[in-house]
Amino acid sequence: MGDRKNGIEIFVQSVSDGSMSDEEVVQYLTDIFENGLEPDETVLLTEKMRDSGTVIQWPDEIGSLVVDKHSTGGVGDKVSIALAPALAACGAKVPMISGRGLGHTGGTLDKLESIPGFRTDISVEKLIEQVSRIGVAMVGQTEDLVPADRRMYALRDVSGLVASVPLITGSIISKKAAEGIRALVLDVKTGRAAFMKERASAEELARSMKNVAEGMGISTTCLITSMDHPIGHAVGNSLEIVESVEALCGRGPNDLEELVCIQGGLLLHSIGLAVDQGHGSAMILDSLYDGSAFGKFLEMVEAQGGNTSIFDSDQDLYAGLGLISPELYSTDIFSGHNGWVSDIDAISIADLCLNIGAGRTELEGSIDHAVGVVIHVGVGSPISANEIVATVYHRGGLSDDLHDIESAFIISENNQTPTSRILGVV
Ligand code: URA
């Protein structure tokens, strides 16, 4: 065992200093992929990955308030964009480091970059300054944070080695730990549009990440949430900014608001700003309704170079996000018959969004921020034949994809009560 632990330490060191070739790294990762790691080995791997780069040190007066969340990714998942400013409005400090979208999963950075001028490539020094001053920053991974993960993740991606519980745990938790956070909420999704389709696998990943994060001194709660239907009504980068603004102003869809409030409540409780999760969730809800969360969002946009004047009116917002343009077409999708909406398939909607340019299939690919889908119904909505169920914003040539989006909506004769997305807590 001692030898294996020694091996992990040398492995991460050699990944970072380049003394191991790509082939050797892949061989080592394949061994972990096939044989797994013991829990204490996963902790060691994660610690060594964290220490491969800068670990942020916060000024004493705010260190105990620094929190973050991570979602394993979904369709229409804009929770972070409303949650981070809401947490800051409640007194927490949020240095949120996010990723880009890949495949059918959207990325927070892509969504934020729909805002003209918004920069996500800021330095660690600027991140510390901004979070200390206004309480929130939403940025991409910098060169100096967890360089070992950058090399390992790229090699895993091209070698089919992503779906491994210890490797995912090391990758995600090392990056969160490098932020120097005190508390973390993990939103582990399960369902047909989730990375972990089966609930048991989602729970296994959640337990592993919680165990490692807590072992590194981060107070951690994992939610298991369903990812069968898109979150909220908007899928596509600019459209999701519009919906995030709605949520930040207390007008968001119920499922989005629930995810924001529960995750925010858990974090506020973890750092002692709320007496329990319920109290914390009420604080988050208040921040959405009293304008303070939106105020923090505007401060963040300004601090990161974004054009805040687009948030002056709905007209300015749509125009500023590229949603009013002669080159952007809208096509309505209609219900075939009367009944109730019993299912909205997130995968069909995500595939359509990918086809029309809202997502990317390769890490370096470019995206079209303005295209996407707005869904006008929810699971459980009554619906009449020929009623509009969705509108697709696209650049033309949609006909081949129409069948996909039409078949995403299942209309049945029986009413279906919508259920909470939150399936459990680990
Ligand atoms: N996201 C990450 O950052 N790392 C993984 O291993 C999987 C998803």
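Both ligands and their constituent atoms are indexed starting at 1 by order of listing.
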- Note on the structure: From the list Leu184, Val185, Leu186, Thr72, side chain to side chain contact (heavy atoms under 4.5 Å, CB included) with Cys222 holds only for Leu186

- Check the angle between the aromatic planes of Phe311 and Phe297 and answer parallel, tilted or perpendicular using the 30° and 60° thresholds. perpendicular

- Message: Looking at Thr220, is its backbone amide N or carbonyl O close enough to the side chain of Glu214 to form a donor-acceptor pair, meaning the two atoms are under 3.5 Å apart?
- Response: yes

- Item | All side-chain contact (heavy atoms from CB on, under 4.5 Å) counterparts of Val131, not counting sequence neighbours | Trp58, Lys93, Pro95, Leu127, Ala137

- Item | Candidate list Ile262, Leu87, Leu266, Leu267, test side chain to side chain contact (heavy atoms under 4.5 Å, CB included), partner Ile284, passing option | Leu87

- Anything with a heavy atom under 4.0 Å from ligand 1 counts, so go ahead and list those protein residues by chain and number. Tyr153, Arg156, Ile168, Ser171, Ile172, Lys175

- SB check Asp343 Arg192 (cutoff 4.0 Å): yes

